[in-house]
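Structure, as structure tokens:
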Amino acid sequence: MQNKTYLNELKEDFKKISGFGEGFHEEKCKETWKALHERIERRFNVFDSEKLFVVTTGMLKAGKSTLVNLLAHTTDASPIGFGVDTTRRPALIMAAEKEEEVGIYRYFPSHRATGTEDPDLEIDREASEKQVQFENIIDRISGIKDWDDEYRKAQKIELSQENLLKVLCSEATGGLLTVEPLLVVVVVPRNENSLLASQNCAIFDMPGLDSANTVFDTKKDDPKKKNLKFQTYNKIFQECSLLLFVQSNVSPLNDTASEQLKKIGEKLDSNSIRLVQNMMDARNWVKEDKIKDEFVKQLIKGKKDFTDKLDVRGVTSDTLACDSANLGIAYDVTFHPDSIKQDIDIDDLQDKSGYDMLEENLRSDIEANGKDKHDRQCKKQLDNVLEEAKEILKNEFLRVKAEIEEANVMKNSMTDSMNRMLGYNREYSELSFRFPELFLSRKLDDKIRECVKDRFEKTKGNSTEFASIMKKQQNGKAISIDKYNEFLNSVISSSHDAIINILKDAYFDDFEYKVLSEDGEERERLSIMDLMNIKIKELRRKGGELNSISLFPKESESLRDFLTEDIASQLKRASTHRVLSKPKFFINSDKVNDAAMEDDCNDIIVQYQTNVKLLFKGIIKGMMAKKLNDHNEECLKTLIEEKKQELDKIEKYCANLEKDGKRLVCLHHNLSDLKNKTGGIIR
């Protein structure tokens with residue numbers, strides 16, 4: 001008996017668990033929990049079902065269809081045939097509420113393509129959709145849900161033996177079945193004396209356990225056969241409140257059927273199983289007492305075989321509810337009395353069949369215990385779905401854990417990659433160019449020469465003091481070397497600012513390096529722009545991510561933006577005039593010697609060229625390093641930002657996965673606690 005108050009308390013507990021489960025971040029976790037939540041919630045709702053589902057199953061030709069027709073009080077509930085598998089697919093038999101509802105209803109699955117490239121995932125989703133659609137149909141039939149347009153569009157055909165054979169016994173290759181139906185519902189004329197009407201039952205008529213069309217658990221047997229049969233057959237036994245297993249002396253349980261029976265037993269409560277022994281007797285020449293004795297032996301053996309193969313805890317040959325009858329006799333007496341020999345009393349034959357007692361026992365059992373059987377089976381299925389949910393949550397946690405590990409590996413790799421790229425703006429220093437021998441370009445040499453010569457001539461022409469010195473020298477007077485050196489210093493000073501401007505207006509290509517051949521001789525001179533591009537090429541060979549570092553364009557860049565403010569003082573220190581101990585001018589003091597003065601000018605030019613080269617060696621290498629580092633940073637800026645965004649995204653993803661993992665563990669614990677409490681549902 002159901003403890004309704006306790007059941008409602010468990011429902012409230014589950015609502016609290018459900019609220020916690022709504023906080024997932026990852027879409028797959030959301031989908032997994034949504035599906036589990038719906039399945040568990042449905043199992044709670046099924047307790048309120050208004051209809052009792054009875055499932056008839058057994059071996060081929062054991063008499064299942066015969067029994068179904070007898071219980072429905074019509075020959076049009078299940079097809080009857082000889083030498084063929086009359087029930088290729090399950091059918092749900094119901095009594096009509098109104099006359100116009102009589103007919104055969106074909107419910108076809110509606111599959112929405114997901115566009116996934118994974119065929120196994122597509123099959124799983126299709127199977128899941130079919131399961132939900134099947135449950136919706138069952139819930140509407142049982143009164144848990146209202147009918148809607150989707151299921152009112154089930155295709156109905158006229159109820160007849162011919163159509164039953166076409167719909168239930170033929171392959172889905174055309175005609176009335178172009179595709180495999182999700183469920184076939186046979187609505188028969190209402191007879192208030194039938195079990196269907198009087199006890200508000202619906203009977204699932206199942207294929208034979210040894211039928212080639214029957215596979216109850218293809219997910220385990222063959223992963224490639226995840227099809228409708230797996231979903232429908234399994235779901236039917238989960239919806240079962242009472243199992244009628246039909247067996248006879250001519251259809252013993254074989255190994256295939258025994259395996260299927262064991263899988264069925266896993267889904268049922270021990271209180272929901274009833275054996276129907278179909279007593280087939282064609283030996284008219286044998287004495288009546290011998291036949292009865294044989295029937296007793298058949299029944300004892302049949303019960304033992306069934307309970308041993310079923311392997312359900314609490315179900316033994318002593319405790320198993322069992323009825324026996326000759327269903328063939330009952331069928332002919334009920335539906336074909338004209339076929340009975342005239343010398344046989346029909347009432348005696350009906351009594352001999354034992355069917356009336358079978359139906360009465362079944363009716364009494366349902367009246368007294370039907371609700372209890374239903375509740376116990378609901379409790380069993382609730383336990384099953386909670387156990388399955390726990391296993392799914394466990395597997396989901398393991399998947400999330402693996403994805404966290406994979407994401408962390410990716411995150412670490414991405415972090416390393418980004419740190420490497422961030423380091424490329426410090427890749428180069430002056431030491432990176434310690435080996436190349438650097439030179440001034442001829443163009444820069446010429447500019448320095450022209451600048452000093454110009455300053456020498458202007459100083460010589462504009463200096464009154466120098467004119468006085470020259471006049472004294474011409475008059476034969478001695479000239480002080482200090483005075484002459486002052487003149488030279490004046491030339492150097494006047495050249496200084498001009499040379500600074502020349503350097504500021506210089507380009508990177510105004511500096512060169514020497515390319516040596518294998519024997520160490522100078523082969524050619526190239527621009528330091530070429531040298532920097534060689535460095536970029538060497539760097540790009542380190543990894544594909546560095547291909548975004550572009551080469552410098554052919555047009556050289558000005559040094560002005562790279563020169564520091566103290567370049568003038570550095571050049572000044574480097575260019576401090578050394579006193580010419582014996583300028584060329586004093587070689588012959590008897591007359592003015594222009595050639596000697598030109599030599600002195602050339603000395604100053606060489607001194608400046610040397611000093612600029614020294615300055616170049618001390619500073620320009622740093623400029624080159626800075627230019628390369630700035631260039632790397634600029635080229636990698638977009639890529640680094642993308643990496644940073646990806647890293648932020650994956651870090652957020654990892655954090656969400658961590659939260660989802662903890663939520664999965666918590667849900668697992670909560671469902672375990674809930675399952676431990678379900679025992680109180682049944683008083």
Side-chain angles (χ1 to χ4, degrees), residues 51-57 64-82 84-110 130 133-143 147-192 194-197 200-208 211 213-214 228-229 231-233 235-236 239-240 244 331 334-335:
K51 194 171 290 290
L52 188 75
F53 289 101
V54 179
V55 176
T56 61
T57 189
K64 301 182 302 301
S65 296
T66 302
L67 177 62
V68 168
N69 285 334
L70 285 167
L71 293 174
H73 287 212
T74 176
T75 58
D76 289 333
S78 182
I80 300 293
F82 297 96
V84 294
D85 183 2
T86 54
T87 310
R88 186 181 189 91
R89 55 187 57 85
L92 180 61
I93 319 300
M94 298 171 52
E97 293 295 332
K98 299 176 182 177
E99 186 64 28
E100 60 268 24
E101 289 182 353
V102 172
I104 303 172
Y105 294 80
R106 297 158 297 163
Y107 293 89
F108 293 101
S110 57
K130 288 176 179 176
Q133 292 168 26
F134 177 86
E135 289 175 347
N136 283 335
I137 296 171
I138 296 299
D139 290 347
R140 285 159 173 79
I141 290 173
S142 63
W147 288 96
D148 55 25
D149 290 340
E150 178 182 0
Y151 295 105
R152 286 190 181 280
K153 293 177 183 176
Q155 300 179 27
K156 173 190 168 186
I157 57 176
E158 181 184 355
L159 178 61
S160 68
Q161 275 290 319
E162 181 182 357
N163 285 342
L164 281 175
L165 287 168
K166 289 179 180 178
V167 173
L168 296 177
C169 308
S170 304
E171 292 187 26
T173 56
L176 296 179
L177 293 179
T178 54
V179 296
E180 187 67 31
L182 189 65
L183 181 63
V184 174
V185 177
V186 179
V187 180
V188 299
R190 187 176 185 84
N191 185 319
E192 296 299 337
S194 73
L195 202 68
L196 299 179
N200 195 18
C201 292
I203 301 176
F204 276 107
D205 187 13
M206 302 295 286
S211 168
N213 302 305
T214 306
L228 177 62
K229 290 179 182 177
Q231 294 295 342
T232 303
Y233 285 28
K235 287 303 299 176
I236 284 174
E239 306 306 322
C240 167
L244 296 181
Y331 189 88
T334 303
F335 300 117

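Every heavy atom of this structure was used, including side-chain atoms; hydrogens, water molecules and symmetry mates were not.
- Checked against side-chain contact (heavy atoms from CB on, under 4.5 Å), Asn200 has the following partners two or more places apart in sequence or in another chain: Glu50, Lys51.
- Leu159 and Gly103 make their closest contact through CB-CA, 3.9 Å (heavy atoms, listed as atom of the first residue, atom of the second, distance).
- Two residues are said to be in side-chain contact when any heavy atoms from C-beta on lie closer than 4.5 Å; Lys166 and Leu177 fail this criterion.
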>> For a side chain to side chain contact (heavy atoms under 4.5 Å, CB included) check, start with the C-alpha distance between Thr334 and Leu70, then their side-chain angles and the critical distance, and finish with the verdict.
In response: CA-CA 8 Å; Thr334 303; Leu70 285 167; 3.7 Å; yes
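- Residue Ile93 is tested with Val186, Asn69, Val187 for a side chain to side chain contact (heavy atoms under 4.5 Å, CB included); the sole match is Val186.
- Considering every non-hydrogen atom in both Ala172 and Glu180, the closest pair reads CB-N, 3.6 Å.
- One finds the CD1 atom of Ile157 at 8.0 Å from the CG atom of Leu164 (value rounded to the nearest 0.5 Å).
- Partners of Phe108 under the ring pair (Phe, Tyr, Trp, His ring centres under 6.0 Å) rule, at least two apart in sequence or in another chain, do not exist in this structure.
- Atom CZ of Arg89 and atom CG of Asp205 lie 13.0 Å apart (nearest 0.5 Å).
- Here the CZ atom belonging to Phe53 is positioned 5.0 Å from the OG atom belonging to Ser142, to the nearest 0.5 angstrom.
- Within the 4.5 Å cutoff, the side chain of Lys235 has no heavy atoms near those of the Ile138 side chain.
- When the shell of 6.0 Å around CD of Glu192 is examined, it contains more than 12 heavy atoms from other residues, nucleotides or ligands.
- What you find for Ala72 and Ser194 is that their closest heavy atoms are O-CB, 3.8 Å.
- To the nearest 0.5 Å, atom NZ of residue Lys64 and atom CD1 of residue Ile203 are 13.5 Å apart.
- Atom CZ of Phe134 sits about 7.0 Å away from atom CG of Leu182, to the nearest 0.5 Å.
- When all heavy atoms are compared, the tightest approach of Thr75 to Gln161 is O-NE2, 2.6 Å.
- We find the CG-OG distance between Leu168 and Ser78 to be 7.0 Å, quoted to the nearest 0.5 Å.
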> Could you walk me through whether Asn136 and Tyr107 pass the side chain to side chain contact (heavy atoms under 4.5 Å, CB included) check?
Replying inline: CA-CA 11 Å; Asn136 283 335; Tyr107 293 89; over 6 Å; no
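- Side-chain contact between Ile104 and Lys156 is absent, with no heavy atoms from C-beta onward closer than 4.5 Å.
- Residues Glu101 and Met94 form no side-chain contact, since every pair of their non-hydrogen atoms from C-beta on lies 4.5 Å or further apart.
- Nearest approach of Pro207 to Thr57, heavy atoms of both residues: O-OG1, 4.0 Å.
- Residues Phe335 and Thr66 are not in side-chain contact: their nearest non-hydrogen atoms beyond the backbone lie 4.5 Å or more apart.
- For Asn163 against Glu158, the heavy-atom pair with the smallest separation is ND2-O, 2.8 Å.
- Under the 4.5 Å side-chain criterion, counting only non-hydrogen atoms from C-beta, Leu244 is in contact with Leu71.
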